[in-house]
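Here's the structure, in structure tokens; my notes come after.
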Amino acid sequence: MFEHTRKKLTLMYSGMLALILLVVFVGSYWIVSAIIHRNEQAQLESIAEKTIHEWKESQMRMLLPRPSEEGGSPARGRMDFDFLQPNQLCLIVSKGQQMLKQNPAHHSSLSSVFQQAIMQQAPEAGETLRIPLDVDGEKKIFVVYRPVFPNEDVHVYLAEDVSRMEQLLYQMRWAFFVIGILLLALTALIGYWFSGRAMIPINQSYKRQKDFTTDASHELRTPLSVILSSAEILQDKKESLPAFHQSVLQSMVDEIHRMRRLIDDLLTLARSDVETNQKLSFQPIALQSLIGEVADRMQIKAGAKEVTVINRTELDSIILMGHSDSIRQLFYILLDNAVKYSEQGGKVEIEALLEGTNKVVCSVQNYGNGIPEEDLPYVFERFYRADKARSRDVEGTGLGLAIAKQIVKMHKGQISVKSSKEQGTRFIVLLPVIQPRGDTRL
């Protein structure tokens, strides 16, 4: 139980840290990526203004009179791209994708590859687009920007090589991933250690409680036995006592028997708490014969209320690996509980069927008044009595179903309850079994 709680605490702490790391890392990456992309956009927009200005200047020079050949002058349509960086490219093409101007600083092969790329996939005016290009056998990533140009017959494309930045973001993602995994692993180890330290006082308190329950139960058995012996001696002479004293004596004897049952149940729970954390010595059990034996013994007690116990088990050669005394006690508790809450002259049915190849479903059904729906989630809790008004009229300690649940848990099974006023109460037990063997002999 404590190990399971420790693992849940560690998982919870690790999950909280994982969420925090996810928010921090994703947020950091998003901020850095947004800053880089914003700077790229701003830089391309700045270059676009200069390019448009240069284009207009070149077009104005085209309108000037042709200079004399003797004086010499620069080409009238020439554009200077000295404002571009080595990792930047500018292409000016006509509406029909015919090359008009390009950055001469770049290799012609890059211009050709870039022109082919924008012919296939080009951004709209005022938008950017990331395009991967294969330049001289090397893969590069370019951010392409197409500014809004006043002349609709001319398209301007500006590109910047951002391969290094993309590589930086890629490395950043991997760094965050590796660091996150390492931090989670380290935190899980530290959290597991701290949760173990934090549960030491709880474990000690629980152990002291179990020791107290066991010791108190053992110590109370002796004085109760003495008191019971004394009361039984008085019962032998009760004819000489007044009627009122006889009534008081009988009530005292009944309460002493109830206290003994309570102490026995407390000892059983204390032992089962210890055995749950230890490896029990399980042995093969012929389940059908064991259920039949318990049903036959319970028929004697049920006869006092004229209740009939009907055994409908069909488990020929089905073998259960378990603790024989505990399984016998499990079915005794369920049958005893069903008989106690049955109406006079009613019936109790016990069924056991093989489900699949390795599970057996056992059910114990009575047809009493049933358990209120609001009490169903609590019937397996210790000392819980659903019918509190009848808790004194019906013998019991409120520990039987808690013991039954503990026994089922020890055998890695499941127990549940269904109840209604019309159909009574049905307890269902699911237990793992060995494959059926026709020649099994115990």
Side-chain angles (χ1 to χ4, degrees), residues 10-51 81-93 97 102-148 155-191:
T10 303
L11 184 62
M12 182 180 68
Y13 294 149
S14 301
M16 292 175 60
L17 178 66
L19 182 61
I20 294 173
L21 288 177
L22 181 65
V23 172
V24 171
F25 287 170
V26 171
S28 300
Y29 178 81
W30 181 81
I31 291 174
V32 173
S33 177
I35 291 174
I36 291 175
H37 294 163
R38 185 174 180 179
N39 289 339
E40 293 170 354
Q41 180 73 21
Q43 193 168 6
L44 289 173
E45 289 176 355
S46 175
I47 296 172
E49 293 179 1
K50 297 178 181 179
T51 302
F81 293 96
D82 38 345
F83 53 84
L84 295 178
Q85 300 295 325
N87 65 332
Q88 296 172 344
L89 178 67
C90 176
L91 291 181
I92 302 177
V93 297
Q97 298 297 328
Q102 68 175 357
N103 180 10
H106 282 77
H107 196 275
S108 59
S109 62
L110 176 57
S111 298
S112 176
V113 171
F114 181 61
Q115 187 177 8
Q116 293 177 3
I118 61 175
M119 288 179 64
Q120 298 175 359
Q121 185 181 10
E124 298 294 331
E127 296 182 357
T128 58
L129 183 67
R130 268 175 162 69
I131 298 179
L133 297 178
D134 191 354
V135 182
D136 296 334
E138 185 179 359
K139 292 184 178 180
K140 293 182 177 293
I141 298 177
F142 283 82
V143 176
V144 182
Y145 174 60
R146 178 187 168 189
V148 179
H155 295 168
V156 177
Y157 295 100
L158 299 169
E160 182 176 359
D161 184 2
V162 294
S163 303
R164 292 181 60 185
M165 287 301 171
E166 290 295 324
Q167 183 67 23
L168 177 64
L169 291 175
Y170 175 79
Q171 293 174 352
M172 187 177 179
R173 290 195 298 268
W174 269 105
F176 280 165
F177 178 76
V178 174
I179 293 173
I181 294 296
L182 293 177
L183 286 177
L184 279 177
L186 180 62
T187 305
L189 292 175
I190 296 176

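The backbone N or O of I141 lies less than 3.5 Å from a partner atom in the side chain of S163, making a donor-acceptor pair.
Note that the CD1 atom of I190 and the CG atom of L17 stand 10.0 Å from one another [nearest 0.5 Å]. Atom CG of N39 sits about 10.0 Å away from atom CD of E160, to the nearest 0.5 Å. For the atom pair CZ (F177) and CG (L182), the distance works out to 10.0 Å, reported to the nearest 0.5 Å. Atom CG in L129 sits 12.0 Å away from atom CZ in R146 (nearest 0.5 Å). Separating the NE2 atom in H37 from the CG atom in L169 is a distance of 5.5 Å, to the nearest 0.5 Å. Atom CD of Q41 and atom CD of E127 lie 10.0 Å apart (nearest 0.5 Å).
Between L21 and L183, some side-chain heavy-atom pair lies under the 4.5 Å cut-off. Residues Q43 and Q88 have side chains in contact (heavy-atom distance under 4.5 Å, counting atoms from C-beta outward).
A side chain to side chain contact (heavy atoms under 4.5 Å, CB included) with Y170 holds for exactly one of M172, E166, Q167; it is Q167.
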Show, in sequence, the C-alpha distance, side-chain angles and deciding distance for V143 and L44, and conclude whether the side chain to side chain contact (heavy atoms under 4.5 Å, CB included) test is met. CA-CA 9 Å; V143 176; L44 289 173; 3.7 Å; yes

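Shortest non-hydrogen contact noted between A159 and F142 is CB-CD2, 4.0 Å. Taking all atoms of both residues into account, the shortest heavy-atom contact from S14 to L184 is O-CD2, 3.7 Å. Contact between P147 and V156 at its shortest, heavy atoms only, is CD-O, 3.2 Å. Of all non-hydrogen atoms in T51 and C90, the two that sit nearest each other are CG2-SG, 3.6 Å.
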Donor-acceptor pairs under 3.5 Å, side chain of residues 23-34 to any protein atom, not counting sequence neighbours: which ones?
unit_1, atom_1, unit_2, atom_2, d
S28, OG, V24, O, 2.7
Y29, OH, R173, NH1, 2.5

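When the shell of 6.0 Å around CE of M12 is examined, it contains more than 12 heavy atoms from other residues, nucleotides or ligands.
A salt bridge links E40 to R130: at least one charged side-chain nitrogen sits closer than 4.0 Å to a carboxylate oxygen.
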